[in-house]
Amino acid sequence: MSSFDENDAFEAAVPLSQRAMAARSAPYLDELNPAQREAVETLQGPVLMLAGAGTGKTKALTARIAHLMNQGVRPNEILAVTFTNKAAREMKGRVGRHLGEAVEGMPWLGTFHAICVKLLRRHGELVGLKSNFTILDTDDQIRLLKQLIVAANIDDKRWPARALASLIDGWKNRALTPEKVPNADASAFDHKGTELYAAYQERLKTLNAVDFGDLLLHMVTIFQTHGDVLEQYQRWFRYILVDEYQDTNVAQYLWLRLLAQKHQNICCVGDDDQSIYGWRGAEVGNILRFEKDFPGAKVVRLEQNYRSTPHILAAASGVIAGNKGRLGKTLWTDRDDGEKVRLIGHWDGEEEARWIGEEIEALQRGTRGLRSHELDQQAILVRASHQMRAFEDRFLTIGLPYKVIGGPRFYERMEIRDAMAYFRVACSPDDDLAFERIVNTPKRGVGDKALQNIQRAARANETSLLEAARLLVSAGELKGKARGAVGQLIEGFDRWRAAVQNNENHIELAEIILEESGYTEMWQNDKTPEAPGRLENLKELIKALESFENLQGFLEHVALIMDNEADDGGPKVSIMTLHAAKGLEFPVVFLPGWEDGLFPSQRSMDESGLKGVEEERRLAYVGITRAEELCTISFAGNRRIFGQWQSALPSRFIDELPEENVDVLTAPGLYGGGYGAAAPSSGMQERMDRADAYNSPGWKRMQARSQSRQTAQPTETKGLVIDATAVSSHAKGDRVFHQKFGYGTVMGIEGDKLDIEFDKAGAKKVVARFIVDAAKADEIPF
DNA sequence: TCCTCGTATGGTCGG
DNA sequence: CATACGAGGA
C-alpha cells in the first residue's frame, strides 16, 4: 500500500511542521502519503477528509486516532462514530494493532446507534424512559403500528403498517418529534399520520421501549432541552471523528453538530460519490455543506487510489461523471493498466449465473490467461437480494463453495426470535411484546379470546401482560386448557427471573428456559423438513451466549447487531448486495444484472426520479470500485420475476462506461450473436446502443425464444441434455448420497431437480445427475 | 382453538 | 415464486 519513495519526495518538497518533526519517528505517519498525512496531523479545528474509493481512508482515520493518543489525548476523550458494526469492528481492530494492545480503552468508538444506546441508558429518564428500556426491531415496530391502526378503525389493507412505519422513520430521520411534523405532512396516511405517530410514541413510552430511530431522536431532544447534559458531553468528547459522513441523516447531523459546537474539533470522513443510503434518510447535503457549517474547515482530498487498476478506475469515473453537483475528485493510481472492464450479455438470468460460475472456476484454476484467484478473492455483487438465488441454485448444483453475506439474518429467524422473546420476558417481565409473542408458542390453548382477556385486564389494572395473566389465573378467569398452561408458564418465568437475578450461569439458564417452556420439544415433535435446521439454530444461539457475561448483555447486543458470520472452513466465493459491499474490496468482482429497471431499479426511479437515478449511479460507482484487478459487468435479456418471464434492456449505466476501458465479450454458443455480434467492428456505444440492440436479430431471436420457453417443455436447458434415466432412477423416499452434502432422503422430484432433505446440510434442490443411491456411495471413488 | 388450504399480493437497500 | 393472510372445517 505504501511507498517510501513518496514519503521521501514529500519530505523534500514540503517543510515539515515542528509537530510532524517531533512525531517523525512514529511508524503510522511514515506509512502515509502527503494528503493522508495532512488529514492526520491537522488535529485542531474542523476537518473534512474527502476520501475517494480505495484511497486509504480507514488507514488515515486510524492513524489519526493513534496520533491523537500520541499527543496525549486520552482514549475516552475521543468520540469515533461509524455507520455499520463491521466498520466499527474493523476500526477497533486496526487501532488496537496500532497501539499494540487491547482497545478496551476506547469506550466511545461505535455506531451511532450503539453510542446513543449507551447515552440513553444514562439519561433516558429525561424523555420518560427507564434505563432498562427495550429496543424494538422492525418487526416489533410493524406489529405495534398495526395494532394502533386497527385500534383507530382504519382499514389496514388500504393503509398498511409498513407505509406508516416508513413515514414515521422518515420523520425521525429528520429529527421531527410528533409536535414538530410540518403542516405540509398533515395529509399523510389518510390525514391520520401525525396522530398515529403521537399515539405510537405514547405507546412506546408505556412499553418502556424505543425503535431504532428513537435512539437518535431522543438524544437530540435531550441535548436540545438539557443544556447541562449537552455541555457535559461537549467537554467530555474533545475530539470527534465521523466515518461515512455522506450517509448521515438530519438527526445524526444535529447530534454531531450539538456535540462539536463548543470545541469544533470534528473530523468527518466521507465521499459524496458513495452516498447510497438516501432511502433511509441520508442527506448528501450534509457533506456538501460542511464548510458552511464549520467555518474555517480544512478540506483534504485523498485522491491516490491504491486499490484498482487504471481501467477499473476510469470506468468508474466515467459512470459517476454523469452525476451533477458533486464535490469532485480526480482519482489516480500508479498501478499498471491491467485488464479492461469486461462486459457481457446473456440470454437469461440462469445463463448469466452459469457463465459466472464457470468463469469463477476458470479463474480459480488460472486457465483464462489471467492470474489465478482463490475463491475468497472473488465476489458477486448484486443490486437486489433476490438476484442471489440464481447463483445459489447454480453453485449448489456444481458444488462451488459460496457464502452469502448479509443474507437472511440469523436473528430474524422465527425460532431465534421466539427464543429471544423468552429471554426478554425472563429479564424484564413487563416486555409485553415479547410476552405476546410466546404466550401461545408452543401452543398452550391461548387463542385470540384468551389473549384479549389478558390485554383487557392489563389495561384495567395498568399492569404488564404477565401480571395481568397472573391475576386472571389466580382469579380463575381463564378457561380450561389455557388456565393450567398459562399458570405454569408464569411459574416458569418466576423461576427463570429469580435465576437471572441470582446471576446464575446464563448459558445453562437459557437451555433450561427453552427446555422447561416446551419450546425445544415443540420443534423436536415437528415433522416438517425445517425442524432439524431450527433446532440446529437454537444450539447455535446457545453457543453465541458464551461470549457474553449475562443474558441482558446478550439481548442488547442482538438488538443492535444483526449480522451473522458463521464461517467454516475453506475459501468461498462471496455473494452480497452492492450495499453490503461498501467498504470491501476483492481482486475479482462480478456485477450481474445491469438491466434498466433492475439496476437502476425501477422503484428508485419512480419514487425519487433523477435523484433516484443519481443514487443508483453512485451504487454503480461503488460496485466497480470494489474491484482490484478484474471487473466483469453483465446483463441478461430475460429474467423471471414473480414467475413471469420479462425481458429487459441493458442498463443505461452500460452506455456510460468509457469505450476505451471496456472489453465486450461474447458468450459463445448462447444465442448465436446478440449484442456482441450486432456490429462487431463499430464502437461500443453503437454496439451497446439499446435501441439498436432492441431491433437487432439477436434481440428478436431472444424475444421469440422467450415466448416459446414460457409454454414449452424444453428437453434441453442450459446446454445440457437431461438424462432421462437419471430422473427416473430415484423415487420419493430413497436414500441418496451427494458429494458435497452427504447422505439424505428424497422428498420430491421436479423434472431434473430433486428435493432432498440432507442429514447434515438440510433441505436442498439438486440436479439428479449429481446424486447416487446411498447404497452405491461407497463404490464411487470421489 | 387449531390447522389446512386457497387466494391474493408483493420483491431494493439496514441499524 | 414465496409468503402472508383469511376463510372454513376438524
Side-chain angles (χ1 to χ4, degrees), chain A residues 81-88 110-117 135-139 141-143 146 156-157 160-163 165-166 169 172-173 210-216 244 247-249 251-252 275-282 381-390 393 405-409 411-412 414 440-452 479-482 485 528 556-563 576-582 593 597-608 612 615-616 618-619 622-623 639-646 750 765:
Chain A
V81 257
T82 63
F83 266 83
T84 61
N85 297 299
K86 199 172 65 186
T111 63
F112 276 104
H113 293 89
I115 288 171
C116 282
V117 171
I135 304 166
L136 304 190
D137 64 20
T138 318
D139 234 61
Q141 191 190 12
I142 302 269
R143 283 192 305 160
K146 189 161 181 176
D156 71 326
K157 282 279 195 252
R162 268 210 155 288
S166 70
D169 278 347
K172 289 186 176 178
N173 287 338
V210 299
D211 62 23
F212 285 123
D214 282 336
L215 295 174
L216 258 300
E244 310 281 17
D247 287 333
T248 47
N249 62 32
Q252 289 157 337
S275 169
I276 55 176
Y277 285 106
W279 51 273
R280 66 169 201 217
L381 311 183
V382 298
R383 174 63 183 88
S385 52
H386 63 78
Q387 287 173 263
M388 295 180 180
R389 232 195 109 153
D393 279 355
I405 299 194
R409 315 256 194 75
Y411 292 115
E412 279 171 14
M414 170 177 37
N440 198 31
T441 314
K443 302 271 181 276
R444 297 190 173 88
V446 184
D448 274 353
K449 260 179 99 183
L451 186 59
Q452 276 169 21
K479 280 197 229 143
K481 210 174 151 195
T528 57
E556 177 121 318
H557 167 84
V558 171
L560 291 171
I561 300 189
M562 302 295 262
D563 47 15
M576 68 189 93
T577 63
L578 287 164
H579 284 88
K582 189 156 84 150
L598 179 58
F599 188 42
S601 102
Q602 195 58 50
R603 188 155 168 187
S604 165
M605 291 189 288
D606 291 347
E607 282 174 8
S608 321
E615 180 150 318
E616 298 283 306
R618 291 192 287 268
L619 212 39
V622 167
R639 218 172 265 284
R640 37 188 317 160
I641 297 170
F642 301 155
Q644 286 262 303
W645 282 99
Q646 289 192 1
E750 243 178 73
K765 273 190 187 154

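What you see is a predicted model; the values in this text were computed from it and never measured. Chain identifiers are assigned alphabetically (A, B, ...) following the order of the sequence lines, protein sequences preceding nucleic acid strands; residue numbering begins at 1 within each chain.
The neighbour count for A:Asp448 CG, taken as heavy atoms of other residues, nucleotides or ligands under 6.0 Å away, does not exceed 12.
Rounded to a whole Å, the CD atom of A:Glu556 is 13 Å from the C1' atom of B:dG15. The separation between A:Met414 atom CE and C:dT3 atom P is 10 Å, rounded to whole Å. Spacing between atom CD of A:Gln602 and atom P of B:dG10 amounts to 17 Å, rounded to whole angstrom units. Atom CE in A:Met605 sits roughly 16 Å away from atom P in B:dC13 (whole-Å rounding). Computed from coordinates, the A:Asn249 CG to B:dC13 C1' distance equals 15 Å when rounded to whole Å. Taking atom CG of residue A:Asp139 and atom C1' of nucleotide C:dA4, one finds them 13 Å apart after rounding to whole Å. Separating the CZ atom of A:Phe83 from the C1' atom of B:dC13 is a distance of 14 Å, rounded to the nearest angstrom. Regarding A:Ile276, its CD1 atom lies at a distance of 12 Å from the P atom of B:dC13, rounded to whole Å.
With hydrogens and angles ignored, the 3.5 Å screen pairs a side-chain donor or acceptor of A:Glu615 with a backbone N or O of A:Gly278. One N or O on the side chain of A:Glu616 and one on the backbone of A:Ser601 form a donor-acceptor pair closer than 3.5 Å.
Partners of A:Arg639 according to the salt bridge (charged side-chain N to carboxylate O under 4.0 Å, His left out) rule, which considers only residues two or more places apart in sequence or in another chain, are A:Glu352, A:Glu595. Considering only residues two or more places apart in sequence or on other chains, A:Asn440 meets the side-chain hydrogen bond (donor to acceptor under 3.5 Å, both in side chains) condition with none of them. Under the rule for a salt bridge (charged side-chain N to carboxylate O under 4.0 Å, His left out), A:Arg640 has no partner lying at least two apart in sequence or in another chain. Residues satisfying the side-chain hydrogen bond (donor to acceptor under 3.5 Å, both in side chains) criterion with A:Asn249, sequence neighbours excluded, are A:Asn173. A:Arg162 is linked by a side-chain hydrogen bond (donor to acceptor under 3.5 Å, both in side chains) to nothing, counting only residues two or more places apart in sequence or in another chain. When the ring pair (Phe, Tyr, Trp, His ring centres under 6.0 Å) test is applied to A:Phe83, the partners found at least two apart in sequence or on another chain are A:Phe112. Listed by chain and number, the residues in a side-chain hydrogen bond (donor to acceptor under 3.5 Å, both in side chains) with A:Thr248 are A:Asn286 (sequence neighbours excluded).
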Write out a two-atom table: protein N or O, nucleotide N or O from nucleotides 2-8 of chain B, distance below 3.5 Å.
residue : atom : partner  : partner atom : Å
B:dC2   : OP1  : A:Asn440 : ND2          : 3.2
B:dC2   : OP1  : A:Gly445 : N            : 3.4
B:dC2   : OP2  : A:Asn440 : ND2          : 3.3

Atom pairs, protein N/O to nucleotides 7-9 of chain C N/O, distance under 3.5 Å:
none

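Across all strands, A:Thr138 comes closer than 4.0 Å to base atoms (heavy-atom distances). Nucleic acid contact for A:Ala114: none, since no nucleic acid atom lies under 4.0 Å from a heavy atom of the residue. As judged by a 4.0 angstrom heavy-atom cut-off over every strand, A:Phe599 is placed among residues making no nucleic acid contact.
Taking side-chain N and O atoms only, A:Arg389 has no distance below 4.0 Å to OP1 or OP2 of C:dC1. Of the side-chain N and O atoms in A:Lys146, none sit less than 4.0 angstrom from OP1 or OP2 of C:dA4. Dashed line: the shortest gap from a side-chain N or O of A:Thr577 to OP1 or OP2 of B:dG14 is under 4.0 Å.
Remark: ring of A:Tyr277 does not overlap the six-membered base ring of B:dC13 in a stacked fashion, as centroids less than 5.5 Å apart with planes less than 30° apart are not both met.
For the pair A:Lys449 and A:Leu619, nearest-nucleotide mapping onto DNA chain B gives the more 5' position to A:Lys449. Residues A:Glu607 and A:Thr111 both approach DNA chain B. Their nearest nucleotides, taken by heavy-atom distance, put A:Glu607 toward the 5′ side.
In the set B:dG14, B:dG15, C:dC1, the nucleotide with an atom closest to the side chain of A:Arg640 is C:dC1. For A:Ala450, taking side-chain heavy atoms from C-beta onward, the closest of the listed nucleotides B:dT1, B:dC13, B:dG15 is B:dT1.
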